[in-house]
Amino acid sequence: MAAGEGGGGRVVLFGHEGYLVPDGLAAGDTQKLVTNAVHWAAGGKATEVVVLGLAGTADALKKAGLPAANAKGAPAGAKGRVVVCNAGGLRAADAPALEKFLAGGGGIVAGGPGWGWEQTHPGQSLAADHAGNTVFAAAGLVIASGTLDAPAGKKLAVGTPDRFAHVAAAETLINDAVKAKAAPPGDARTAEATLTGALRALPTAEQAKLTGRLTKTLAGVPAAIPTAKQPLKGGTPGRLALGLRTKLALDLPPDRLAADPAAGAFPGTVAKGAPRVKGRTVTVRTGAPGYVCDGHGVSAKADVWHSTGVYAAPGEVVRVGIPAELAGKGLGVRIGAHTDQLWHLDRWERAPQVSRWFPLAAATTPAANPFGGLVYVTAPVGAKLGDVTTTIDGGVEAPVYFAGKTTAPEWAKLRSAPAPWAEFVSDKLVLTVPAAVARGVENPAELLAFWDQVLDGCADLTVVDRRRGRAERMVFDEQISNGYLHSGYPIMAPLEIAPLAVDVVRMRREGAWGFFHELGHNHQQRDWTFDGTVEVTCNLYSLYLLETFCPGAPVHDEMKGPGQVRNAAKHKAGGSTFENWQREPFVALIVYDQLRRSFGWDVFKKVFAEYHAAAPADRPRTEQAKRDRFVVRFSKAAGRNVAPAFEAWGVPVGDAAKREVAALPAWEPPAPGGR
């Protein structure tokens, strides 16, 4: 949290609106913290508290002794008056009234994570589109992106805030380091992170002032080009210069762009003499029927990318045409599949942001990216625009194979197309791989048939429609934002394993646990994934897909017999606590594997189908309810009481749930042992 004065009033911001809702206020001494924040924002004792967009908060604050009431808008600003709101829920129309309220001496207490807002506002930025930031900036505060991550098994240390987390102090430190032409101090890493974060979150006017000063400061710093062998580490002026260069370039209109020097290292360049595309017609089918993944690891709201088979050269303009009547209807053009941003990482092996999106707000839209990339037409999920015919001028041909459309002779020619990136496209999965990897694929139809079977397997286990309203995507990158692979739309993976994703023989022989694991995240349902099992129930898909499509392929070492025995013994020796069960995914997975061995996959499918059929009122609302519902549903579907087995592993089961299944014969789980 942070607080600031300015614009005539006071502002307090929390990193999440959860502090301000009834459950959050009831946790620990949060109510006291928020009450004190409200009084501070009021400039003394709060005389009126207006709550905007937070259900139940007004009543909770009333119980805490505050004069709170719900309202639809801000009142006139005055000392003693405070607005409490969800920062991420504010609209552009709310900003003028709140600015006036603050200028009149009012106070604001708000919360909301920048990363959460970005996920629900694809194609928008915290700097240009976050209504709250235009208001809060008057008090010297904005909501930025990123999250706090504790080291494995540890808690975050809380202490005095680092002074270089303040933009002014950070700017001074970098200025001094550049002038001295000396290695910057260790604090420069914090300073650089502060400045790059500010460049992405400050409202336009404030951002322009900062970029102007930084551009002048860094004018003499050589252009930095990060690679895997020579990454850029945090705190160096060269890295800050690359970050500034990237940010400025990605904000420029297409006709003012030039190729970035780092594009040659990643994602790659295009030969100047390569033929450019003219009048390419691409038909985009919007609103396709079928399942759209809404699991723990993916947003079901993310726009659908439609591959075009065109690659935009770095810095070159591509023009996309659509029927005039569809302009401004939510369609867009994306250049670059590598959407992971690396701003928060300590080392960069490529530029921190290499993808760009433009709205198709006119009949013809120019688009360009200083780093280049594959060209996509995007559309909102479920858009009812029918088949949209688009035209593309610019860019070069890419080795893109469309299942059911591209013939074998056509692929024989396409595989040598000049773009550095390629795709294999079906209605169920799209693989984005380096062109050098794609050119080695002799039979793309066989490759996509295998992956289509895998995606059908995911649908079967989840008990949803095999048809896809949005094909899943898997993109390989020089460096990703988190982990070795991560789920999402698209699933992201390192370059080094791209050859595995296009080698059907090898995957059937060796399996593809990592790929299946991330697909599992995209499909695992929140109702039957309770706290501590996010990294567990996704592996039900790993086990199911291996068994179904890669028979004989080895499972993860921790799930083989010796691994299960070792982990079970260690868990028992540690007292079989729920905390350890939640902390160790391959301990928790053992009991699910025991269920599989005893009852088979059909019982899981029956249980998962019951969740889909349940009325909204029957959906579990708490973590205890999630555990209890799963134990009860599985017990009834299997005809055996599995509650004692879960409790033996340390998983708490509620008394009411135990009574509900007490009449069923107790389940005797098989000993840990794997396959």
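Not measured: the values here are computed from a predicted model.
- More than 12 heavy atoms of other residues, nucleotides or ligands lie within 6.0 Å of CZ in F578, so this atom counts as buried by the packing criterion.
- With hydrogens and angles left out, the side-chain atoms of Q594 and R597 include no donor and acceptor closer than 3.5 Å.
- For R640 and F599, the positive end is not near the middle of the six-membered ring at less than 6.0 Å and at most 45° from its axis.
- Under the 30°/60° scheme for interplanar angles, the aromatic rings of F634 and F604 are found to stand perpendicular.
- Expressed to the nearest 0.5 Å, how far OG1 of T30 lies from CZ of F14 amounts to 8.5 Å.
- Considering T339, T378, D303 as possible partners of W357, the one that fulfils the side-chain hydrogen bond (donor to acceptor under 3.5 Å, both in side chains) test is T378.
- To the nearest 0.5 Å, the span separating CH2 on W115 from NE2 on H344 amounts to 13.0 Å.
- No donor-acceptor pair closer than 3.5 Å links the side chain of D477 to the backbone N or O of P494.
- Listed for the R508 side chain is a donor-acceptor partner under 3.5 Å among the backbone atoms of F549.
- For H523 (side chain) and L519 (main-chain N/O), a donor-acceptor pair under 3.5 Å exists by modelled atom type.
- Side chain of T120 to backbone of W117: a donor-acceptor contact under 3.5 angstrom is found.
- The CD atom of E423 sits 5.0 Å away from atom CZ of R473, with the distance rounded to the nearest 0.5 Å.
- Judged purely by atom type and a 3.5 angstrom limit, S145 has no side-chain atom pairing as donor or acceptor with the backbone of G114.
- When atom types are taken as modelled, the side chain of R347 and the backbone of G234 share no donor-acceptor pair closer than 3.5 angstrom.
- The CG atom of L448 sits 7.5 Å away from atom CG of L429, with the distance rounded to the nearest 0.5 Å.
- T533 contributes no side-chain N or O that, together with a main-chain N or O of V536, makes up a donor-acceptor pair within less than 3.5 Å.
- For the pair D452 and K428, the salt-bridge criterion is not met [side-chain N within less than 4.0 Å of a carboxylate O].
- The closest donor-acceptor contact from the side chain of N567 to the backbone of G563 lies under 3.5 Å.
- Counting heavy atoms from C-beta outward, K301 and V381 have side chains that stay 4.5 Å or more apart.
- In the model, N539 has no side-chain atom that pairs as donor or acceptor with a side-chain atom of H556 under 3.5 Å.
- Annotation: the span from T537 atom OG1 to Y592 atom OH amounts to 6.5 Å, rounded to 0.5 Å.
- Side-chain N or O atoms of R627 include none that pairs as donor or acceptor with a backbone N or O of F530 at under 3.5 Å.
- Under the 3.5 Å distance criterion, the side-chain polar atoms of R526 are matched with a main-chain donor or acceptor of D294.
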| message | Is there a side chain to side chain contact (heavy atoms under 4.5 Å, CB included) between E118 and Q341? Walk through the geometry before answering. | response | CA-CA 12 Å; E118 288 177 324; Q341 297 185 20; 5.6 Å; no

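- Residues passing the ring pair (Phe, Tyr, Trp, His ring centres under 6.0 Å) test with Y376 are W305, sequence neighbours excluded.
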